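A short worksheet on the structure shown next.
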Amino acid sequence: MLWSDPENEPPEELRRTQDMMRRLSVLLATAMVLAMLVIGVR
């Protein structure tokens, strides 16, 4: 790796977007589990 190579850090905006997508996927997975439970109870 050369001193002139750019750092391997993603930009701040990309990190925020990745965090938001991660939270959204967790929320979606939780909602799916709850929906399955509600459907299963009926």
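Side-chain atoms are counted along with the backbone in the values below, which use heavy atoms only and exclude waters and symmetry mates. In this text, all values refer to a predicted model and were calculated from it rather than measured experimentally.
Partners of R22 under the side chain to side chain contact (heavy atoms under 4.5 Å, CB included) rule, at least two apart in sequence or in another chain, are Q18, D19.
Atoms CG and CE, on L37 and M32 in that order, are 12.0 Å from each other to the nearest 0.5 Å. In this structure, OG1 in T17 is found 11.0 Å from CZ in R15, a value given to the nearest 0.5 Å. Rounded to the nearest 0.5 Å, atoms CE (M36) and CG (L34) are 11.5 Å apart.
The environment of CD in E13 is sparse: at most 12 heavy-atom neighbours from other residues, nucleotides or ligands sit within 6.0 Å.
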